[in-house]
Amino acid sequence: MIFIRNENLRRLLRVAIPYLAVPGLVLLGALVFDEKRHLIVSFGVAVLALLLFAAGFDRKQIGARRLVIVSVMTALSIVGRLIPVFKPIAALTILTAMYLGSESGFLVGAMSALLSNFYFGQGPWTPFQMLAWGLIGLVAGYLAGPLKRSKVFLLIYGLLSGVFFSFVMDIWTVLWYNGTFSPALWVSAVAAAVPHTIMYSVSNILFLWFLAKPIGEKLERVRVKYGV
Amino acid sequence: MRSLEDYHPRAVGLYFLAVTGIAVFSMNPVIVAESLFGSLFLYLVRHGLRDGKTHLATLGLFLVLTLVNHVVSHNGVTPLFVVNNNPVTLEALLFGAFTAAMITGTIYWFRSFSEIMTSDKLLCLFGALSPKLALVFSMALRYVPHFRRQSERVNASQRAMGLYKEDNILDAAKGGGRVFSILLTWALENGIITADSMAARGYGLGRRTSYTIFRRRPRDLVFLALSVILAALTVAGSFRLSHSYYPVFRVDVPDAWGSAGLFAYGLLTLLPSILEIKEAIRWRWYLSKI
């Protein structure tokens, strides 16, 4: 890391390696290799990625204001998950990431998954939900500029993140059921989960459509007024 | 002895990690059966015969998961009947049933886990890892009821001002949106005040520590040691176990080490139930002396 002079690139790498490369590699490994231990590997890597994030987060100097705002957004998305049928977690995660940066986005997504599961039931799926929603926030943070400029792009991102979340959770379902990845089972899991996928995507689009402007203005105001 | 809830979070956390970890990653039929029995028994001991609906829903899940396997797997040598030119085999049925048992067992473990490992205990576990995340964790959890109360207040004052009526869906939705908007502005401002107050009291100056009310007692150590030893025995014994689902369903008779592992896992799964039963008996015994 010492040899990379560009600070932004260094920062990107420090984030990209643990959160993107490792899970990506494992998913690739699950698709390519034929082994019976995919479940252990994927579970271990999901937990490891979250732990790495936690360790990195703690060493940083983060102001109390940002910390509190992240908690506020997390609490809002937990309350929002109590809404029947439509779930605003991903939408709120994306909005937070757009205005407060990718790290805050990852945190809101992951923490909302962990904490709302106290109401909805913890399980071995918790780390995967944390990682999936966290990644949606992380990427939204990197795309903050274009997402703020174009509403169409924002809605498309919402649609895609709903599909992404559903597909990742389907991979987990197959791994849990079968111990190893099976394309045929995955296709049937994806097919069985179509109503959920539609529900995720529709609620993302719906909430982003209605909330993007008011919440964006409020977060922007807090950011400008208090320098979060 | 006390019931499982009264033990130190670290001991309880490690126990659940061991018992569910082994259940999820081992597909040995005996271990799967032990896990399902132990978790169901613990749930029944804690709840009695109520919650019939929950059990029925889980049974439904069990049946669906058992049958899903036939979609993809036609391995095995014992065909039962043929659907669409694809044989439904005994082996695939058994594999589906044991996978379903593994998953339902884990679901029951996590039901007990959610009840026993409440958020304060989880906070105690992870607070040591990252005090900052622990702070976000506890603040967010604290805000949930806080926001709910505040939104009721906003709602009441909106209604008092006659700003929306309930008989019209569109109007009610507009009103709900307004309440949410007010709540969000208030929450962010309130958060800034909280943060400034934290900064004024010296947040961020020193290393953050986290406080827990849980104390380590000798019994926690005994429970911890017992779980670790039983789990280690199970893992050691599991290398001597062999079984197969395809092409023929077969469970080999284990040698001494293997049997010890299976016995250890059985004991591990029954440990919390034993504690609960013991506590219940003791309670009744004390009551009878009054």
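Lettering follows sequence order; numbering is per chain, from 1.
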Problem set entry | Parallel, tilted or perpendicular: rings of Phe137(B) and Phe118(A) (30°, 60°) | perpendicular
Problem set entry | Over 12 non-hydrogen atoms of neighbours within 6.0 angstrom of NE2 in His47(B) | yes
Exercise. Which bit of Phe120(A) is near chain B, if near means a heavy-atom gap under 4.5 Å: side chain, backbone, both or neither?
Worked result: neither
For this session: Let me know if Arg66(A) has heavy atoms under 4.5 Å from chain B in its side chain, its backbone, both or neither.
Result: neither
Seminar exercise, completed: Max heavy-atom pairs within cutoff under 4.5 Å with chain A, candidates Ile107(B), Leu183(B), Val24(B), Thr118(B), goes to Val24(B)
For this session: With the side chain counted from C-beta on, respond yes when Arg142(B) and Ser71(A) share a heavy-atom pair under 4.5 Å apart, and no when they do not.
Result: no
Problem set entry | Whether over 12 other heavy atoms sit under 6.0 Å from Lys174(B) NZ | no
For this session: In sequence, state the C-alpha distance, the side-chain angles, and the governing distance for Tyr143(B) and Leu76(A), and then conclude on side chain to side chain contact (heavy atoms under 4.5 Å, CB included).
Result: CA-CA 8 Å; Tyr143(B) 278 142; Leu76(A) 278 178; over 6 Å; no
For this session: Under 4.5 Å heavy-atom distance to chain B, tell me which part of Leu114(A) shows up: side chain, backbone, both or neither.
Result: side chain
Exercise. So do the side chains of Ile78(A) and Phe147(B) get within less than 4.5 Å of each other, counting heavy atoms only?
Worked result: no
Problem set entry | Under 4.5 Å from a heavy atom of chain A, the part of Asn190(B) involved | neither
Seminar exercise, completed: Of Leu122(B), Ile192(B), Val136(B), the largest count of non-hydrogen pairs under 4.5 angstrom with chain A goes to Ile192(B)
Problem set entry | Contact class of Leu65(B) relative to chain A, heavy atoms under 4.5 angstrom | both
Seminar exercise, completed: Applying a strict 4.5 Å limit to non-hydrogen atoms, the region of Met27(B) in contact with chain A is neither
For this session: Evaluate the side-chain proximity of Pro124(A) to Thr106(B): yes if any heavy-atom separation is below 4.5 Å, no if none is.
Result: yes
Exercise. With a 4.5 angstrom heavy-atom cut-off, which part of Tyr226(A) approaches chain B: side chain, backbone, both or neither?
Worked result: side chain
Seminar exercise, completed: The interface call for Ser181(B) against chain A, heavy-atom contacts under 4.5 Å, is both
Exercise. Looking at Ala75(A) and Ala140(B), what are the two nearest heavy atoms and their distance?
Worked result: CB-O, 3.6 Å
For this session: Answer yes when Lys218(A) and Glu189(B) have at least one side-chain N-carboxylate O distance shorter than 4.0 Å, and no when they do not.
Result: no
For this session: Kindly give the heavy-atom pair with the smallest separation between Leu133(B) and Met111(A), and that separation in Å.
Result: O-CE, 3.3 Å
For this session: For the residue pair Asp196(B) and Arg65(A), establish whether any side-chain heavy-atom pair is separated by less than 4.5 Å.
Result: yes
Problem set entry | Region of Val222(A) that comes under 4.5 Å of a non-hydrogen atom in chain B | side chain
Exercise. Would you say the side chain of Val68(A) lies within less than 4.5 Å of the side chain of Met198(B), judging by non-hydrogen atoms?
Worked result: yes
For this session: State, to 0.1 Å, how close Leu67(A) and Tyr203(B) come at their nearest heavy-atom pair, and which atoms those are.
Result: CD2-OH, 3.0 Å
Exercise. Measuring from Ser119(B):OG to Asn117(A):CG, what's the distance to the nearest 0.5 Å?
Worked result: 12.5 Å
